[in-house]
2 protein chains.
Amino acid sequence: MKRNTSHASASDELRISRRKPKTGTLGKALEVLDVIALSEKPPRFTDLLGLIDQPRGTLHRQISNLVAEGLVSVNADHSYVPGLRLLKLAARSWSGNSFRQLAEPHIARLHDETGETVHLGLMNGLEVIYLDKIESKQTVRMHSQVGNASPLYCTGVGKAMLALLPEEDCAARAAEFDYVRHTETTLYTPELLLGEMAEIRSSGISYDREEHEPGIRCIAAGLGSLESGIIAGVSVTGPAFRISQDEMTAWKSLVLETARAIESDMEARLGPRSQE
Amino acid sequence: MKRNTSHASASDELRISRRKPKTGTLGKALEVLDVIALSEKPPRFTDLLGLIDQPRGTLHRQISNLVAEGLVSVNADHSYVPGLRLLKLAARSWSGNSFRQLAEPHIARLHDETGETVHLGLMNGLEVIYLDKIESKQTVRMHSQVGNASPLYCTGVGKAMLALLPEEDCAARAAEFDYVRHTETTLYTPELLLGEMAEIRSSGISYDREEHEPGIRCIAAGLGSLESGIIAGVSVTGPAFRISQDEMTAWKSLVLETARAIESDMEARLGPRSQE
DNA sequence: AATCGAGTTCCAAATAACGGAACTCTGAAT
DNA sequence: ATTCAGAGTTCCGTTATTTGGAACTCGATT
């Protein structure tokens, strides 16, 4: 005789949903991995002991397991770095990602037509994760940002994606950001951010007016839907010294067309059956 | 007086020495993740149940934990794909990798001088993992292989790295490969493979004469050392229809110089102190 | 309505993780 | 050379998590 145990009881969950998914041992191991991955310098055992609230013996075993599994490598000087297995796992995940595959020709075309750097981003919680990128010609840095995450509130694709959400969700997320005023023009309060939403919603286009990095501008469009479970965005990015705001605006229809084209491919290929 | 607890009886141990690092819960979770990452099509719950020897309830919880941690995502149709968190972790691991950073300018120069695709690979067990790549100009596929793994025996960098090992280690690995004859010219036995080693050792250069993929040729040099704990390699790859074997050979000194230059940077920057 | 298949939940028993303390190693100070 | 301090590692009884079988729910099919 089973009753409704009701996993998500209304009152309990109001507080804070951060960092309490109760994933047991796995969660603890990943906390360690996260700390190692996020460290600027490869941490040594004692560094980790200070950063993670675990007894010596326990932490040591956790790290040992991570090392044994190849998720973490240990240098000669006993400092720890993320392991190659992560790269391997991520590479498979990336190259097999059907959404990315589907979007690739479209962003390639957008790149050909604009000649500037093009990004494909995916919404993930309060961040945008860059799934793909095509660099402008001779830029030195390569494939740098694939897999990188940025906050939603200060990026072109991020704002475009926010605007796709129902207003209540949008406002809820706006309230959750840890706003950092990266530049003069950063929208650093929920009010400023929400103030742009109406315009983005009606035009389908959002701009990053050097809001995240000085000298970097971008035009973006959101795509996807809640039903499909995919909220994404495409953008064209360029240096402010070469691309004026007006030139950005001129790409509006190209960017919108690209977003619409990806969406129609999504319907065609992901809709009927979730075939790869 | 270690007691053999239960499942792994003595006779089983003889079978296969692979996959027995005893990493407890973490290992089991990663086995699931591996299966999901390696699947061609996103598996559904029942598929996984067939592929992994675990009872329903257990497997379900393991997957739930992976999902809760963001290592796995679940599609609308209950099929599972690797999660975005993997990309994020790997991106940090990649961009923070000090060896890659150090090698980057050198392979960039090699690319400029040859005009062809250049790879940086790292030895990992019986495989080479590509740490970085600079594509030839207008190639369509981008950052495709970073993080990808290939067998040592049929790639240019792989053979070059093998040749750096002491002969006994080299022979030991040669005996362990699961040889697949990818093309006509694949070295598909330990004897064929070891037969090339002397030449590679003396010249410092190895060739992939369409041994992995038809129509793809490459010249490579190994670098690093056992003491440093890094065994790596650089290569220039090109299509056979455009690049003759002689043209490849002409790059010999460029490739060697690049390898030596990276090595001297390693000594300078990784040697004194493992500073990032 | 009944059946089947797929996915999900539950709980006592089994097992793996915990954590304090003891041990070893390394390099610096005496 | 000896001592010492700090870092890293191992051990083992206790504790908490994982396990795995079975029961349950939901949807599609007959």
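Chain A is the first sequence line, chain B the second, and so forth, proteins listed ahead of strands; every chain is numbered from 1. These numbers were taken from a predicted model, which means no experiment stands behind them.
- If you take CG on A:L131 and CG on A:N148, they are separated by 12.0 Å, rounding to the nearest 0.5 Å.
- Surrounding CZ of A:R44 are at most 12 heavy atoms belonging to other residues, nucleotides or ligands under 6.0 Å away.
- Separating the CG atom of B:N65 from the P atom of D:dT18 is a distance of 7 Å, rounded to the nearest angstrom.
- Considering only the side chain of B:K28, D:dT19 comes nearest among D:dT9, D:dT19, C:dT8.
- Distance A:Y80 OH to D:dA7 P: 14 Å, rounded to the nearest Å.
- Between A:R56 and A:T25, the residue whose closest nucleotide on DNA chain C is further toward the 5' end is A:T25.
- Atom-to-atom, CZ of B:F45 to P of C:dT8 comes out at 7 Å; the value is rounded to the nearest Å.
- Contact annotation: A:H60 side-chain N/O to D:dT9 OP1/OP2 distance is under 4.0 Å.
- A salt bridge links A:E263 with A:R260: the closest approach of a Lys/Arg side-chain nitrogen to an acidic carboxylate oxygen falls below 4.0 angstrom.
- Applying the 4.0 Å criterion to OP1 and OP2 of D:dT19, one finds that B:Q54 has every side-chain N and O outside that range.
- Applying the 4.0 Å criterion to OP1 and OP2 of C:dA6, one finds that B:R44 has every side-chain N and O outside that range.
- Counting only heavy atoms from C-beta outward, the side chains of B:L165 and B:M197 never approach each other to under 4.5 Å.
- If you measure from atom CG of B:L49 to atom P of D:dA22, you get 15 Å, rounded to the nearest angstrom.
- Taking the side chain of B:P55 as heavy atoms from C-beta on, and the options D:dG21, D:dA7, C:dC18, the nearest nucleotide is D:dG21.
- Listed pair A:Q62 / C:dC18 meets the phosphate criterion, a side-chain N or O lying under 4.0 Å from OP1 or OP2.
- Salt-bridge check for A:K28 with A:E31: failed, with every basic side-chain N at 4.0 Å or more from each acidic carboxylate O.
- Rounded to a whole Å, the CD1 atom of B:I63 is 14 Å from the P atom of C:dA6.
- Regarding A:L59, its CG atom lies at a distance of 10 Å from the P atom of C:dC18, rounded to whole Å.
- Atom NE2 in A:H78 sits about 19 Å away from atom P in D:dG6, given to the nearest Å.
- Nucleotide C:dG20 holds its C1' atom 14 Å from the CZ atom of A:R61, rounded to whole Å.
- The side chain of B:T46 lies closest to C:dG7 when the candidates are D:dG20, D:dT9, C:dG7.
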